[in-house]
Amino acid sequence: MLSQTENNQANIIEAKDLSRAFGNHMAVDQVNFSLNRGEICAFLGPNGAGKTTIIKMLTGLLEPSGGQILYEGEKYHPDRLTLKRLIGVVPQHNNIDRELTLAENLRVHGLLYNMRGKHLLQRINESLEFAGLQEHRDKPSGKLSGGMKRKLVIARALMHEPKILFLDEPTVGLDPHSRRKMWSFLARINKERNCTIFLTTHYIEEAERLAERVIFIERGKIITEGEPDSLKQSMGRYVLDIQADDIQQEFFEQRAEALNRLEQIDASVSIRQTTLEDVFLHLTGKRLNKSA
C-alpha cells in the first residue's frame with residue numbers, strides 16, 4: 001500500500017470536495033477524485049452530467065464555488081503560470097482560426113507561450129509531424145476535414161509539451177472511421193509523449209477502448225469509479241436481455257450459465273457481453289445516451 005507521500009507523488013491532480021453552482025442549480029456537487037500520473041482516465045456520463053463544468057474548473061476557465069484543486073500537490077490558481085504550463089486543453093468545439101494555415105495556428109499558440117525563433121519553428125514542425133499533418137502545413141485550416149481539424153486542435157495543445165492533456169468530448173461529430181483513428185492518436189500521445197490524458201465522453205466504446213480508469217458521473221455527483229473490466233465483471237461478464245413489457249436484464253459470470261438460463265425463458269431473449277452502459281444503467285436506472 002502506498003504511503004501518503006508516495007500517493008501524492010503518483011497523483012498529478014487531486015480534486016477535493018469540488019463544487020460549482022449556477023444560481024440555485026448545483027452543477028457539480030462536492031466531487032472527490034485524483035488522476036494518476038501517466039494514465040488515461042475518462043469521465044463517463046450523459047449530456048448535462050457536469051463533465052464539461054469539471055474540465056473548465058480544472059483548467060481555470062471557471063472558478064469553483066467550493067473545494068480545492070491540487071496540481072502535483074500545489075493548490076491550483078489560473079494566475080500561477082508554472083501550473084498552467086502543465087496542462088494542454090482541447091475544448092469540445094474546434095476553436096481554430098479557419099483563415100490561418102495550420103502552421104500559422106500553431107505559431108500563434110507558440111508565441112502565447114513565449115516560444116521564439118528556431119525553438120518555435122522546431123515545435124511547429126514536430127507537432128505537425130506527430131499529428132500526421134505536415135503535408136498540409138500551408139493549407140487554410142478551414143479546408144480541413146473534421147478529423148484533421150480535431151488533430152490540429154490537439155497538436156496545438158501539445159505545442160508547449162504539457163504533462164496532462166484535457167479533452168472534452170474529443171470525437172463528437174466524427175464519423176466512426178475518424179473516431180477510431182483519433183483513439184489511436186490519443187493512445188500514441190499517452191505512450192510516446194508520456195502524457196497523462198483526462199477526457200470526458202458519453203461514448204461507451206470510447207471509454208472502453210481508451211481509458212485505464214473510468215469515473216461515472218450523474219447530476220454532478222460521482223457514482224462510482226474503477227477499471228473498465230473490473231466494473232463490468234462486478235456485474236457479471238454476460239447479460240441476458242429479456243424482451244417482456246420492458247427489457248429485463250440478468251447477469252452471469254459464465255457464458256454456460258447464461259445459456260442454461262436462456263433455455264428456461266419463454267420470451268424473446270439475447271445474450272451478449274456486459275458493457276459499461278450496463279453498469280451505468282444498473283447504478284442509475286438510466287442509459288448514457290440520454291440527457292440527464
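These numbers were taken from a predicted model, which means no experiment stands behind them. Just so you know, residue 1 is the first one in the sequence shown, and it goes up from there.
- Counting heavy atoms from C-beta outward, Ile154 and Ile189 have side chains that approach closer than 4.5 Å.
- Between the side chain of His160 and the backbone N or O of Ile87 there is at least one donor-acceptor pair closer than 3.5 Å.
- The shortest side-chain heavy-atom distance between Leu165 and Val90 falls under the 4.5 Å cut-off.
- Residues Ile271 and Val239 fail the side-chain proximity criterion, which asks for heavy atoms closer than 4.5 Å.
- Residues satisfying the side-chain hydrogen bond (donor to acceptor under 3.5 Å, both in side chains) test with Glu225, not counting sequence neighbours, are Arg213.
- Here the CG atom belonging to Asp138 is positioned 8.5 Å from the CG atom belonging to Leu102, to the nearest 0.5 angstrom.
- Between Val214 and Cys41 there is no side-chain heavy-atom pair separated by less than 4.5 Å.
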Contacts table for residues 257-270: side-chain donor-acceptor under 3.5 angstrom, sequence neighbours left out:
{"from": "Glu257", "atom 1": "OE1", "to": "Gln254", "atom 2": "N", "distance (Å)": "3.3"}
{"from": "Arg261", "atom 1": "NE", "to": "Glu250", "atom 2": "OE1", "distance (Å)": "2.8"}
{"from": "Arg261", "atom 1": "NH2", "to": "Glu250", "atom 2": "OE2", "distance (Å)": "3.0"}

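- Both the sub-6.0 Å distance and the 45° axial angle are not jointly satisfied by Arg85 relative to the ring of Tyr113.
- Checking each of Ile164, Ile215, Asn11 against Leu35 for a side chain to side chain contact (heavy atoms under 4.5 Å, CB included) leaves exactly one that passes, namely Ile164.
- Checked for salt-bridge contact, Lys51 and Asp168 miss the test: no charged N lies under 4.0 Å from a carboxylate O.
- Side chain of Arg188 to main chain of Phe130: a donor-acceptor pair is present (N/O by atom type, distance under 3.5 Å, no hydrogens or angles).
- In this structure, Ile12 and Lys163 approach most closely via the heavy-atom pair CD1-CB, 4.0 Å.
- Annotation: side chain of Asp278 is in contact with side chain of Arg272 (closest heavy-atom distance under 4.5 Å).
- Asn94 and Gly146 get closest at one heavy-atom pair: ND2-O, 4.2 Å.
- With a 4.5 Å cut-off on side-chain heavy atoms, Asn36 and Glu212 do not count as touching.
- Between Phe251 and His282, the ring planes are perpendicular. Angles over 60° get that label, and only those under 30° would be called parallel.
- Residues Asp241 and Gln249 form a side-chain contact, since some pair of their non-hydrogen atoms from C-beta on lies under 4.5 Å apart.
- Not a single side-chain hydrogen bond (donor to acceptor under 3.5 Å, both in side chains) links Thr284 to another residue, sequence neighbours left out.
- Using a distance-only test at 3.5 Å, with no hydrogens or angles considered, no donor-acceptor pair links the side chain of Arg156 to the main chain of Asn105.
- Sorted by first and then second residue, the salt bridge (Lys or Arg N to Asp or Glu O under 4.0 Å) pairs with a member in residues 228-239 read Glu208-Lys232, Asp229-Lys232; sequence neighbours excluded.
- Here the shortest heavy-atom pairing between Phe166 and Ile13 reads CZ-CD1, 3.5 Å.
- Dense packing is recorded around CD of Gln68, with more than 12 heavy atoms of other residues, nucleotides or ligands lying under 6.0 Å away.
- Formation of a donor-acceptor pair under 3.5 Å by the Ser234 side chain with backbone atoms of Leu231 is found in this model.
- Between Arg123 and Glu126 there is a salt bridge, since a side-chain N of the basic residue sits under 4.0 Å from a carboxylate O of the acidic one.
- Between the Asp29 side chain and the Ser19 main chain, no donor and acceptor come within less than 3.5 Å of each other.
- Not counting sequence neighbours, the partners of Asn125 by the side-chain hydrogen bond (donor to acceptor under 3.5 Å, both in side chains) test are Arg137.
- Across all non-hydrogen atoms, the minimal contact from Ser141 to Leu152 is OG-CD2, 3.5 Å.
- Side-chain atoms of Phe216 and Val279, non-hydrogen and from C-beta on, do get closer than 4.5 Å to each other.
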Side-chain donor-acceptor pairs under 3.5 Å in residues 175-185, sequence neighbours left out?
{"from": "Asp175", "atom 1": "OD1", "to": "His177", "atom 2": "N", "distance (Å)": "3.0"}
{"from": "Asp175", "atom 1": "OD1", "to": "Ser178", "atom 2": "N", "distance (Å)": "2.9"}
{"from": "Asp175", "atom 1": "OD1", "to": "Ser178", "atom 2": "OG", "distance (Å)": "3.4"}
{"from": "Asp175", "atom 1": "OD2", "to": "Ser178", "atom 2": "OG", "distance (Å)": "2.9"}
{"from": "Arg179", "atom 1": "NE", "to": "Thr171", "atom 2": "OG1", "distance (Å)": "3.4"}
{"from": "Arg179", "atom 1": "NH2", "to": "Leu174", "atom 2": "O", "distance (Å)": "3.0"}
{"from": "Arg179", "atom 1": "NH2", "to": "Tyr203", "atom 2": "OH", "distance (Å)": "3.2"}
{"from": "Arg180", "atom 1": "NH1", "to": "Pro176", "atom 2": "O", "distance (Å)": "3.3"}
{"from": "Arg180", "atom 1": "NH2", "to": "Glu205", "atom 2": "OE2", "distance (Å)": "3.4"}
{"from": "Trp183", "atom 1": "NE1", "to": "Glu206", "atom 2": "OE1", "distance (Å)": "2.7"}
{"from": "Ser184", "atom 1": "OG", "to": "Arg180", "atom 2": "O", "distance (Å)": "3.4"}

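- Using a cutoff of 4.0 Å between basic side-chain nitrogens and carboxylate oxygens, Glu72 and Arg37 are scored as salt-bridged.
- Relative to the ring axis of Phe252, Arg255 does not place its NZ or CZ within 45° and under 6.0 Å from the centre.
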